[in-house]
Amino acid sequence: IGAMLAAALVLCAIASPIAAPAKQSPTPAPASVAAQQPAAAPAKSGSELLLQLYEESTEPELKRHILDYIGSSQTKVAADKLMAIATSDGDEDLRRQAVDYIASKSTAANLISLYDTVKEVDVKRHILDYIGSSREAEAAAKLLTIAKSDPDLDMRRVAVDYIAAVPNS
């Protein structure tokens, strides 16, 4: 695991091209110097490399380690990647971990959207736990909808349990 991460960091460090020494020639005009040098591609950021490494890795433990970094990132790209992992990663544990990161910095509306997108019952149940612990009005409305009409009886029961646990005002 550490070796692959170290290799990614080394790749990041060497991704910046090293300029070749200039040939000794008469001093050309600045415009002709710029025309002779190709534009260098910007080096990928560490987070871009981590996203790439996550995609290319087949080792669940390495992916889990990378997911910790993605989950702690505040970028939109990382948030989008978390949503993609939560909805479509082949490893259910990684999907659940992505849900944990999403829920830690998300609103009820985002959790409800995620709940409506996910197909696997176990992951939906995990999301439902976060919706059930939210005190936002949208979460309460979604619990009521789930209790009334979710196709899975166990999900309806869990929603009822969360509704019953709400303290009376």
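Worth knowing before you read on, the calculation uses all heavy atoms, side chains too, and leaves out hydrogens, waters and symmetry mates.
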**OP:** Not counting sequence neighbours, which residues clear side-chain hydrogen bond (donor to acceptor under 3.5 Å, both in side chains) with E56? List them please.
**Re:** Q52

Subject >> Donor-acceptor under 3.5 Å (S73 side chain, I70 main chain) >> reply: no

Original post:
Does anything in residues 101-113 pair up under salt bridge (Lys or Arg N to Asp or Glu O under 4.0 Å), and if so which pairs, sequence neighbours excluded?
Top reply: none

**OP:** Let me see the working for Y115 and D150 under side chain to side chain donor-acceptor pair (under 3.5 Å), right down to the final yes or no.
**Re:** CA-CA 11 Å; Y115 179 89; D150 196 277; 2.7 Å; yes

**OP:** To the nearest 0.5 angstrom, please state how far the CG atom of L114 sits from the NZ atom of K124.
**Re:** 9.5 Å

Original post:
In chain order, what residues pass the side-chain hydrogen bond (donor to acceptor under 3.5 Å, both in side chains) check against D68, with sequence neighbours excluded?
Top reply: Q97, Y101

Original post:
Say you draw a straight line from CD of E92 to CG of D122; how long is it, rounded to the nearest 0.5 Å?
Top reply: 4.5 Å

Original post:
Measuring from K63:NZ to D93:CG, what's the distance to the nearest 0.5 Å?
Top reply: 12.5 Å

Subject >> Partner set under side-chain hydrogen bond (donor to acceptor under 3.5 Å, both in side chains) for S134, not counting sequence neighbours >> reply: none

Original post:
Is a side-chain N or O of T87 found less than 3.5 angstrom from the main chain of M83, in a donor-acceptor match?
Top reply: yes

**OP:** Could you grab the distance from atom OG1 of T75 to atom CD of E48, nearest 0.5 Å is fine?
**Re:** 9.5 Å

**OP:** Any ring pair (Phe, Tyr, Trp, His ring centres under 6.0 Å) involving residues 120-153? Give me the pairs, sequence neighbours left out, ordered by first then second residue.
**Re:** H126-Y130

Original post:
Measuring from L67:CG to L62:CG, what's the distance to the nearest 0.5 Å?
Top reply: 11.0 Å

**OP:** Measure the CG-CD1 distance between L53 and I66 for me, rounded to the nearest 0.5 Å.
**Re:** 3.5 Å

Original post:
Under the side-chain contact (heavy atoms from CB on, under 4.5 Å) test, which residues partner S88, sequence neighbours left out?
Top reply: none

**OP:** Name all residues meeting the side-chain hydrogen bond (donor to acceptor under 3.5 Å, both in side chains) criterion together with S72; count only those two or more places apart in sequence or in a different chain, and write none if there are none.
**Re:** none

Original post:
If you look at every heavy atom in A86 and V99, which pair is closest and at what distance?
Top reply: CB-CG2, 3.9 Å

Original post:
Which atom pair, heavy atoms only, marks the closest approach of I146 to A159?
Top reply: CG2-CB, 3.7 Å

Original post:
Side-chain donor-acceptor pair under 3.5 Å between D89 and Y54, yes or no?
Top reply: yes

Original post:
With sequence neighbours left out, what residues match D80 under salt bridge (Lys or Arg N to Asp or Glu O under 4.0 Å)?
Top reply: K76

Subject >> Sequence-distant partners of K119, salt bridge (Lys or Arg N to Asp or Glu O under 4.0 Å), two or more places apart >> reply: none

**OP:** List for me each residue that meets salt bridge (Lys or Arg N to Asp or Glu O under 4.0 Å) alongside R156, sequence neighbours excluded, and say none if there are none.
**Re:** none

Subject >> Least distance between heavy atoms, P60 atom then D91 atom >> reply: CB-OD2, 3.9 Å

**OP:** Not counting sequence neighbours, list each pair that qualifies as a side-chain hydrogen bond (donor to acceptor under 3.5 Å, both in side chains) and has a residue in residues 137-147.
**Re:** D116-K142

**OP:** Taking side-chain contact (heavy atoms from CB on, under 4.5 Å) as the test, write out the residues that go with V160, two or more places apart.
**Re:** A147

